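Remember, it's a predicted structure, so these values are computed and weren't measured experimentally. Whatever order the structure lists them in is the order used to number ligands and atoms, beginning at 1.
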Amino acid sequence: MTIVDTPERRQLRELTRAFVTKEVLPYLDDWERAGEVPRSLHETAAKIGLLGIGFPESVGGSGGDLLDSILVTEEVIRSGGSSGLIAALFTHGIALPHMVASRDDGLIDRYVRPTLAGTMIGALAITEPDGGSDVAGIRTCARRDGDHYVVNGSKTYITSGVRSDFVTTAVCTDFPGSGSLSLLVIEKGTPGFTVGRRLEKLGWHCSDTAELSFVDVRVPVANRIGPEDTGFLAIMQQFATERLSLATQAYATAQRCVELATRWCRDRSTFGRPLASRQLVRHRLAEMHTRAEAARAYVHDVAERVAAGEPVVTEVAMAKNVAVAASDFVVDAALQLHGGFGYLRDAEVERHYRDARILGIGGGTTEIMNEIIAKGMGL
Ligand SMILES: Cc1cc2nc3c(=O)[nH]c(=O)nc-3n(C[C@H](O)[C@H](O)[C@H](O)COP(=O)(O)OP(=O)(O)OC[C@H]3O[C@@H](n4cnc5c(N)ncnc54)[C@H](O)[C@@H]3O)c2cc1C
């Protein structure tokens with residue numbers, strides 16, 4: 001069976017499509033202008049069981065696995081949503097998994113359950129102003145002081161950082177840049193923790209992005225996820241799902257843009273004939289479709305292997321790069337086929353063009369993926 005084939009998954013697709021049509025599409029332009037999605041959207045998505053997909057019922061989730069999460073991401077975008085919406089509404093997909101894996105009931109009760117119920121928002125903070133690719137080089141430090149840590153440092157480009165109630169934060173528990181990392185859950189409102197300005201971006205306009213600052217922030221030791229110095233491993237283990245989500249956003253954006261461009265080329269006539277009747281245009285659409293479908297098939301294949309527990313770090317990196325390359329090609333071609341209209345805010349393809357650009361940067365850049373692939377080749 002492939003991801004799309006079970007009756008349950010067809011139902012999940014329908015549920016997602018109905019949610020996007022009713023709860024997202026009428027408001028998405030407003031959220032893009034506001035720079036964030038409302039909290040009520042999290043609650044609505046939670047009530048129908050969408051927010052908890054991919055998380056076990058034992059921690060407040062709706063059940064399902066990685067493949068179900070991928071299906072939801074794919075369907076949100078194919079129904080007219082966007083990767084920016086995925087980033088904003090499903091930030092918990094990167095903020096919670098370390099806590100769930102740690103099986104720490106205290107953290108699960110305080111943060112995981114309310115977030116999956118849509119009443120709390122979480123974020124994940126790894127990247128720092130000095131660099132994001134070099135995770136081991138993190139300089140935000142946590143010094144132990146009795147049953148607290150005292151945290152000093154800063155983070156940047158943090159998705160949902162403006163709205164979040166807590167931040168799963170990567171800190172160094174030895175000297176800065178030592179690579180000895182731990183993850184601490186730091187609550188909004190803790191003295192010394194400030195959220196800086198809302199960062200303005202090329203795309204992902206409905207997803208708020210923040211700078212965070214920590215000055216002598218006292219965080220209870222109970223808020224550490226797992227044992228000290230296991231943060232680097234925990235981050236690397238969860239990168240697989242984040243990268244596959246980004247890969248899914250990339251191929252689904254490509255698929256959506258193929259649909260939009262195909263419709264446009266059927267309807268739009270130039271020199272007395274529909275664009276779709278021109279061989280050059282037909283071949284361009286065929287190439288776009290081929291690249292989107294090949295990326296989808298490969299990402300699904302790798303996702304199934306990850307879900308089955310196979311150690312496929314190299315393949316995950318390849319899947320992300322393949323899907324991002326498909327998306328980069330398709331969004332550009334789709335916009336071009338729309339002519340001047342493609343450049344206007346009124347065109348859906350314009351948003352995908354802007355939103356897609358981050359997919360080869362977030363969750364590990366294309367170049368860092370190539371490093372992983374080269375290592376996998378024994379280079
Ligand atoms: C909209 C948005 C949302 C984000 N959300 C989050 C979030 O929620 N949480 C979070 O922690 N981070 C987040 N990030 C940060 C993102 O993960 C980083 O931007 C990314 O990992 C790259 O890090 P950097 O920007 O510091 O680039 P750098 O690491 O400074 O890299 C700069 C350039 O150099 C290249 N490069 C770096 N090292 C090498 C090398 N060894 N060989 C060849 N080339 C190299 C990179 O590929 C890149 O092209 C977000 C970023 C954006 C823009």
- Please indicate, with yes or no, if any protein heavy atom is found under 4.0 Å from atom 53 (C) of ligand 1? yes
- Could you tell me whether some N/O pair between E367 and ligand 1 is separated by less than 3.5 angstrom? yes
- Is the closest heavy atom of A123 to ligand 1 under 4.0 Å? no
- Message: Please report whether atom 29 (O) of ligand 1 has a protein non-hydrogen atom at a separation of less than 4.0 Å.
- Response: yes
- May I ask you to list the atoms of ligand 1 that are less than 4.0 angstrom from any heavy atom of G363? 17 (O)
- Message: Please tell me if atom 32 (C) of ligand 1 is touched by the protein, where touching means a protein heavy-atom distance below 4.0 Å.
- Response: no
- Query: Does I86 share a hydrophobic cluster with F19, counting links as ILVMFWY side-chain heavy atoms below 4.5 Å and allowing steps through other members?
  - Reply: yes
- Query: If you measure every N/O of Y157 against every N/O of ligand 1, is any gap under 3.5 Å?
  - Reply: yes
- Item | Atom indices of ligand 1 within 4.0 angstrom of I361 heavy atoms, with elements | 19 (O), 20 (C), 21 (O)
- Query: ligand 1 and E128, any nitrogen or oxygen pair closer than 3.5 angstrom?
  - Reply: no
- Message: Looking at Y251, I'd like to know if the NZ or CZ of R296 sits under 6.0 Å from its six-membered ring centre while staying within 45 degrees of the ring's axis.
- Response: no
- Proximal ligand 1 atoms for I126, defined as those under 4.0 Å from one of its heavy atoms: 10 (C), 11 (O)
- Item | Part of T365 within contact of ligand 1 (heavy atoms, under 4.0 Å) | side chain
- Item | Contact atoms of ligand 1, heavy-atom distance to G131 under 4.0 Å | 26 (O)
- Query: Only one of K201, R198, E36, R197 clears side-chain hydrogen bond (donor to acceptor under 3.5 Å, both in side chains) with T209; which?
  - Reply: K201
- Message: Which of the numbered atoms in ligand 1 are under 4.0 angstrom from any heavy atom belonging to K201?
- Response: 1 (C)
- Item | Distance, nearest 0.5 Å, that separates OG of S327 from CE of M288 | 11.0 Å
- What protein heavy atom sits nearest atom 9 (N) of ligand 1, and how far away is it? L124 O, 2.8 Å
- Checking L116, T119, V37 against H42 for side chain to side chain contact (heavy atoms under 4.5 Å, CB included), the one that qualifies is V37
- Item | Atom pair CZ (R13) and CD (E75), whose distance is rounded to the nearest 0.5 Å | 5.0 Å
- Task: Name all residues meeting the ring-ring contact (aromatic ring centres under 6.0 Å, His included) criterion together with F214; count only those two or more places apart in sequence or in a different chain, and write none if there are none.
- Result: F193
- Query: Looking at F90 versus H92, is the centre-to-centre ring distance below 6.0 Å?
  - Reply: yes
- Message: I need the atoms of ligand 1 closer than 4.0 Å to a non-hydrogen atom of S133, numbered in the order shown.
- Response: 22 (C), 23 (O), 28 (P), 29 (O), 31 (O), 37 (C)
- If Ile, Leu, Val, Met, Phe, Trp and Tyr residues are connected whenever their side-chain heavy atoms lie under 4.5 Å apart, and connections chain through other members, are L183 and Y111 in the same group? yes
- Under-4.0 Å protein heavy-atom contact, atom 42 (N) of ligand 1: no
